[in-house]
Engineer: 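Got a structure here, written out as structure tokens. Questions coming.
Please read all numbers here as calculations on a predicted model, not as lab measurements.
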Amino acid sequence: MEFSANLGFLFTDLPFPQRITAAARAGFRAVEFHDQAQSCDLRLIAGLLRDEGLKLCSLNCAMGSTAGSAALPGKEARFRAEFLSALEVAEALDARAIHIMTGRTSEAGAEAVLLRNLEFALGRTDRRLLLEVISPAAMPGYWMNSPERFEAVVAALPDPQLRLMGDWYHFSSLCGAAALSRLCGLAPHLGHLQLARAEDRGDPLAEDLPAWPELRALAMERGLDIGLEYRPRLRPSEVLSSLRGGAL
């Protein structure tokens with residue numbers, strides 16, 4: 001288990017390549033990206049990851065104004081182009097997983113579109129493909145907005161490459177006091193965890209997370225990395241030290 005710095009949320013005062021160096025300096029041994037790398041010099045990014053000894057846990061397909069396109073009817077060509085672009089980056093940077101974002105839509109037929117697009121993606125890589133359940137409070141209109149929708153997708157497409165990115169903030173928003181049991185119930189499908197303080201997506205200090213012992217045990221049992229995707233007020237090194245029990 002490694003803690004991964006989400007460079008879409010952390011060190012955002014720096015240009016993207018410099019965030020990689022900052023993450024290593026803060027004590028991280030892994031990072032994860034949104035879609036920034038698609039517009040960067042990949043040789044530069046690969047060199048920084050190598051020189052800093054960081055593994056890349058995941059990166060997103062292009063987000064755009066719709067927060068992805070995988071479930072958008074009529075946008076299949078767009079999704080295929082965006083996925084192939086993300087796959088090229090993932091291969092160049094040796095990313096463990098690609099996060100496929102469904103997009104914002106309420107159109108009929110969205111699930112069928114998503115399933116066809118996932119079949120396309122699964123047929124072109126053996127890398128792990130992640131779907132994230134995102135709370136409507138955080139992203140109104142996002143299609144993958146409940147654990148039940150994720151369960152319906154994996155029931156229709158039971159491929160072990162297709163996994164859940166379980167974000168504690170979103171599960172807490174959606175499930176309240178049942179968040180931990182709901183997340184643990186999906187353990188066989190988990191491919192990555194993300195962490196932020198449940199109340200406000202703030203710094204996830206261990207002492208502010210009553211469920212931290214159980215979440216850490218879940219990650220260790222399933223061999224999962226934990227992405228720190230939160231709105232920072234403290235130095236990320238302080239949060240990292242807290243979660244590691246004081247040891248960097």
Engineer: Taking side chain to side chain contact (heavy atoms under 4.5 Å, CB included) as the criterion, tell me which of Leu93, Asn6, Asn60, Val89 meets it with Phe33.
Structural biologist: Leu93

Engineer: What do the steps show when you test Asp94 against Arg127 for salt bridge (Lys or Arg N to Asp or Glu O under 4.0 Å), and what is the final call?
Structural biologist: CA-CA 10 Å; Asp94 196 24; Arg127 293 177 193 274; 3.7 Å; yes

Engineer: Start with the C-alpha distance between Leu209 and Leu215, add both sets of side-chain angles, then the distance that settles side-chain contact (heavy atoms from CB on, under 4.5 Å), and finish with yes or no.
Structural biologist: CA-CA 9 Å; Leu209 297 172; Leu215 291 170; 5.7 Å; no

Engineer: When rounded to the nearest 0.5 angstrom, what distance separates CD in Glu52 from CZ in Arg29?
Structural biologist: 14.0 Å

Engineer: Are the side chain of Arg163 and the backbone of Leu190 linked by a donor-acceptor contact shorter than 3.5 Å?
Structural biologist: yes

Engineer: Please check if the side chain of Arg149 supplies one atom and the backbone of Trp143 the other of a donor-acceptor pair under 3.5 Å.
Structural biologist: yes

Engineer: Decide yes or no for Leu186 and Glu151: does some side-chain heavy atom of the first lie under 4.5 Å from some side-chain heavy atom of the second?
Structural biologist: yes

Engineer: Do NZ/NE/NH1/NH2 and the carboxylate oxygens of Glu82 and Lys75 come within less than 4.0 Å?
Structural biologist: no

Engineer: Could you see if Leu131 belongs to whatever hydrophobic cluster contains Trp168? Use Ile, Leu, Val, Met, Phe, Trp, Tyr and a side-chain cutoff under 4.5 Å.
Structural biologist: yes

Engineer: Could you please spell out the steps behind the side-chain contact (heavy atoms from CB on, under 4.5 Å) verdict for Met101 and Asp35?
Structural biologist: CA-CA 11 Å; Met101 300 193 67; Asp35 59 0; over 6 Å; no

Engineer: Following the transitive rule for hydrophobic clusters with a side-chain heavy-atom cut-off under 4.5 Å over Ile, Leu, Val, Met, Phe, Trp and Tyr, establish whether Val133 and Ile100 coincide in one cluster.
Structural biologist: yes

Engineer: Enter the distance from Leu122:CG to Leu129:CG here, rounded to the nearest 0.5 Å.
Structural biologist: 5.0 Å

Engineer: Quick check: are there more than 12 heavy atoms from other residues, nucleotides or ligands sitting under 6.0 Å from CD of Glu88?
Structural biologist: no

Engineer: Determine yes or no for a side-chain-to-main-chain donor-acceptor pair under 3.5 angstrom, with Tyr142 supplying the side chain and Thr102 the backbone.
Structural biologist: yes

Engineer: Is it true that Glu32 and His192 share a donor-acceptor pair across their side chains at a distance under 3.5 Å?
Structural biologist: yes

Engineer: Heavy atoms, side chains only, cut-off 4.5 Å: are Glu76 and Phe120 in contact?
Structural biologist: no

Engineer: Taking Ser69 for its side chain and Leu72 for its backbone only, find out whether a donor-acceptor pair lies under 3.5 Å.
Structural biologist: no

Engineer: Grouping I, L, V, M, F, W and Y whenever their side-chain heavy atoms are under 4.5 Å apart, do Met165 and Leu87 come out in a common cluster?
Structural biologist: no

Engineer: Please tell me if the side chains of Pro204 and Tyr169 come closer than 4.5 Å, counting only heavy atoms from C-beta onward.
Structural biologist: no

Engineer: Do Leu228 and Leu243 have side chains that get closer than 4.5 Å, going by heavy atoms?
Structural biologist: yes

Engineer: Are the side chains of Phe28 and Pro236 in contact, using a 4.5 Å heavy-atom criterion?
Structural biologist: yes

Engineer: If I compare all heavy atoms of Asn117 with all of Ala70, which pair ends up nearest, and what's the gap?
Structural biologist: ND2-O, 2.8 Å

Engineer: Could you see if Leu130 belongs to whatever hydrophobic cluster contains Leu115? Use Ile, Leu, Val, Met, Phe, Trp, Tyr and a side-chain cutoff under 4.5 Å.
Structural biologist: no

Engineer: Looking only at non-hydrogen atoms, find the nearest pair between Ala137 and Ser173 and report the distance.
Structural biologist: CB-OG, 4.1 Å

Engineer: How many angstroms lie between atom CZ of Arg244 and atom OG of Ser237, to the nearest 0.5 angstrom?
Structural biologist: 10.5 Å

Engineer: Which atom pair, heavy atoms only, marks the closest approach of Thr105 to Ala110?
Structural biologist: CG2-CB, 3.9 Å

Engineer: Minimum heavy-atom separation for Ala219 and Leu193, please, with both atom names.
Structural biologist: CB-CD1, 3.9 Å

Engineer: Any chance you could measure Phe16, atom CZ, to Asp41, atom CG, to the nearest 0.5 Å?
Structural biologist: 12.5 Å

Engineer: Starting from the C-alpha separation in whole Å, work towards a yes-or-no answer on side-chain contact (heavy atoms from CB on, under 4.5 Å) for Leu157 and Leu114.
Structural biologist: CA-CA 10 Å; Leu157 193 57; Leu114 176 60; over 6 Å; no

Engineer: In this structure, would Leu183 and Ile226 fall into the same cluster of hydrophobic residues linked by side-chain contacts under 4.5 Å?
Structural biologist: yes

Engineer: Is a side-chain donor-acceptor pair under 3.5 Å present for Glu229 with His34?
Structural biologist: yes

Engineer: I want to check something: taking the side chain as every heavy atom from C-beta on, are Glu132 and Met144 in contact at a cut-off of under 4.5 Å?
Structural biologist: no

Engineer: Do the side chain of Arg231 and the main chain of Arg201 share a donor and acceptor less than 3.5 angstrom apart?
Structural biologist: no

Engineer: Would you call Leu234 and Leu205 a side-chain contact if the rule is heavy atoms closer than 4.5 Å?
Structural biologist: yes

Engineer: In Å and rounded to the nearest 0.5 Å, what is the CD1 to CD distance from Ile20 to Gln18?
Structural biologist: 10.5 Å

Engineer: How close do Ala37 and Leu42 get, counting heavy atoms only, and between which atoms?
Structural biologist: O-CD2, 3.5 Å

Engineer: Any side-chain to backbone donor/acceptor pair from Asn145 onto Pro136? Under 3.5 Å, distance only.
Structural biologist: no

Engineer: Considering non-hydrogen atoms only, spot the tightest contact between Gln36 and Gly8 and give its length.
Structural biologist: NE2-CA, 3.4 Å

Engineer: On the 0 to 90° scale, with breaks at 30° and 60°, tag the Trp212-Phe3 ring pair as parallel, tilted or perpendicular.
Structural biologist: tilted

Engineer: Output the distance between atom CG (Asp225) and atom SG (Cys57), rounded to the nearest 0.5 Å.
Structural biologist: 4.0 Å

Engineer: Please determine whether a side-chain nitrogen of the Lys or Arg among Glu238 and Arg233 lies less than 4.0 Å from a carboxylate oxygen of the Asp or Glu.
Structural biologist: no

Engineer: Stepwise, does the side-chain contact (heavy atoms from CB on, under 4.5 Å) test hold for Val31 with Phe11?
Structural biologist: CA-CA 12 Å; Val31 291; Phe11 311 108; over 6 Å; no

Engineer: Should we count CE of Met220 as having more than 12 external heavy atoms under 6.0 Å?
Structural biologist: no

Engineer: Is there side-chain contact between Arg222 and Pro188, with at least one heavy-atom pair below 4.5 Å?
Structural biologist: yes

Engineer: With no hydrogens and no angle check, just 3.5 Å: does a side-chain donor-acceptor pair link Thr66 and Arg78?
Structural biologist: yes

